[in-house]
There are 2 protein chains.
Amino acid sequence: MTATDRPSAGSDDTAGPARGDTVAGVVRQWQAVHPGLDTGPMEIIGRINRCAALLQQAEDAPLRRIGLSRPEFDLLGALRRTGHELTPGELARETFSSGAAVTKRLKQLSGRGLVERRGDTRDRRVTHVRLTEAGRAMVDGILPEQLAYETAALSGLGTPERGELAGLLGELLVQLEGRLGVPRV
Amino acid sequence: MTATDRPSAGSDDTAGPARGDTVAGVVRQWQAVHPGLDTGPMEIIGRINRCAALLQQAEDAPLRRIGLSRPEFDLLGALRRTGHELTPGELARETFSSGAAVTKRLKQLSGRGLVERRGDTRDRRVTHVRLTEAGRAMVDGILPEQLAYETAALSGLGTPERGELAGLLGELLVQLEGRLGVPRV
DNA sequence: AACAGGTGTTTTATCTGTAAAAGATTGCTC
DNA sequence: GAGCAATCTTTTACAGATAAAACACCTGTT
C-alpha cells in the first residue's frame, strides 16, 4: 500500500509517544511534502494494512505453539466449518489461495496425519480431502484459544465501537468483493 | 487469521449473491458447528485481513504498470516523504521490514538508478541512501495515480462513513501499536 | 594500545508462495 | 467412437522474505 510505514519519529514537541498512530505520522509527512494531496484514502487503507500486519503477527503466537502456520490453519478450519469433504480446488477457493499452495499444504498436513485424501469414484481427476480425528481435535482445541487471543487484541476498543467497526468493515468488504472479487471469476 | 476464507457458497435460498460479505458467511458456518462460540473478533479481524488482501491486490495495478512492487514503492516513498537521506537501518524501521529485505531492494533499486548510496564519512559501517532525480520523479508521478486508485476503491462508502472508519481504525491501531508494537523495541 | 562488546549492514541457507506448464481424465461434438 | 476442448490436480522453476550467521567498524575500558 501507500502508507504502511512508520513516521520518522521526529520527536520535537513534548516527545510524547502517544500522539496518534504511525499512519497519522506518515500522512502528516506526505502533507508537508505535497500540500495539496488528498491523503484521505491513506488513512483508511494504510491503517487497514497496518492493523492486518500487527494482528497477524500477534495471532501467530497461539498457532505457532502447536506448529501450524495460519494458512494451514485456515485450510483445516475450512474443512471443519463446512463439515464435509472438500476437493483441493474447493479448498483453494475457500482459503483464497492458489491451487499449488493447497497441494503443498495438503502434502504437509497429510504427512502429519491431520487430513486424509480419498479419490473420487466417478471422476478420477478429483480427490476429496477430509479431516482426520486428530485434525478435528486440533482445530477444536486451538479455536477457543485463538478467539480468546483475538478478543484480547481487540479489548482496547469499547463494545459499541467494536460493533461499529465490524459494521463499517462489512460494508466496505461487500463493496470490495462486488468490485474486485468478481473479476476473479 | 481465523476467518479469511470464503463461505462455501451453498446457494439454497434465493441464490442472491448480495447477501452480506464472505466473512459473514464464514462466521455463520462456525456458529452452526460450534453454537456457543464467541465469533465477535472474527467479524473484525477476518474483515480487516480480507479487506487488506483485496486492496493490496487492487493497488498492485498502478504500481505494476511501472514495474515496481509495493515494498519497493514503500521504500521510495519513505525517502520521498521524509525528504532526506536514510540509512538502511532506518529504512527497515520505516517500512517495517527486515534489514535483509532492505538490502535486496536497495540493490535492485540502485541497479535501476532510482536510489543512490553514499558512505558515511565518520562511521564507515553506515551508508546513506537517497532518491535520484529519476526516483523522485517516479514517486511523484505515480503517487497521484495511486491515490486516485485508492479513492475509487473506497468510493462505495459514503463520505461520513469513510471518516468514521478512519477514526475507528486509528483508535484500534493506537491500541495495537501500544500493545504489540512496543515489544518490537 | 589492545580488547570486549555493541551496532550497522550484508550474505547465506532455507522456506513459502505463485505462475506456468505438465499430466491425467472427462465429456462434448461430429 | 475418435478427437478435442475443458477441467482438476500436481510438478517445476523462480521470485521474495526471513532468521541466523558473518563481516566490518566503532567505542569505552583497562
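Letters go in sequence order (proteins before strands), and every chain restarts at 1.
Among the heavy atoms of the strands lying under 4.0 Å from G89(B) are primed sugar atoms or P, OP1, OP2 only; no base atom is included.
Remark: R117(B), R125(B), V126(B), T127(B) in residues 113-130 of chain B come within less than 4.0 Å of DNA chain C through at least one heavy atom.
Residue G99(B) is the one, among A101(A) and G99(B), whose nearest nucleotide of DNA chain C lies closer to the 5' end (criterion: closest heavy atom).
R162(B) places a side-chain N or O within 3.5 Å of a backbone atom of L157(B) that can act as its donor or acceptor partner. Checking side-chain atoms of T95(B) against main-chain N and O of D74(B) turns up no donor-acceptor pair under 3.5 Å. Within the 3.5 Å criterion, the main-chain N or O of E90(A) finds a donor-acceptor partner in the side chain of T87(A). At least one donor-acceptor pair closer than 3.5 Å links the side chain of S98(B) to the backbone N or O of A101(B).
The distance between atom CG of L106(B) and atom P of dA17(D), rounded to the nearest whole Å, is 12 Å. In this structure, L75(B) places its CG atom 15 Å from C1' of dA17(D), rounding to the nearest Å. The separation between E72(B) atom CD and dA15(D) atom P is 13 Å, rounded to whole Å. Distance, K104(A) NZ to dT11(D) P: 11 Å, rounded to whole Å. Across the protein-nucleic acid pair, L91(A) atom CG and dT10(D) atom C1' stand 15 Å apart, rounded to whole Å.
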Just distance, no hydrogens or angles: give the donor-acceptor pairs under 3.5 Å from side chains in residues 133-142 of chain B, sequence neighbours left out.
| unit_1 | atom_1 | unit_2 | atom_2 | d |
| --- | --- | --- | --- | --- |
| E133(B) | OE2 | R136(B) | NH2 | 3.0 |
| R136(B) | NH1 | D140(B) | OD2 | 2.4 |
| D140(B) | OD1 | H34(A) | NE2 | 2.9 |
| D140(B) | OD1 | R80(B) | NE | 2.8 |
| D140(B) | OD2 | R80(B) | NE | 3.3 |
| D140(B) | OD2 | R80(B) | NH2 | 3.0 |

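With rounding to the nearest 0.5 angstrom, the CH2 atom of W30(B) is 11.0 Å from the OG1 atom of T39(B). For the atom pair CZ (R65(B)) and CD (Q146(B)), the distance works out to 10.5 Å, reported to the nearest 0.5 Å.
Counting heavy-atom neighbours within 6.0 Å of R112(B) CZ, excluding the residue itself, gives a total above 12.
When only modelled atom types and interatomic distance are considered, T82(B) and E94(B) share no side-chain donor-acceptor pair under 3.5 Å.
Think of the region where chain B sits on DNA chain C: with heavy atoms and a 4.0 Å cut, that region ends 5' and 3' at dG6(C) to dT11(C).
Between K107(A) and dT10(D) there is no side-chain polar atom (N or O) within less than 4.0 angstrom of OP1 or OP2.
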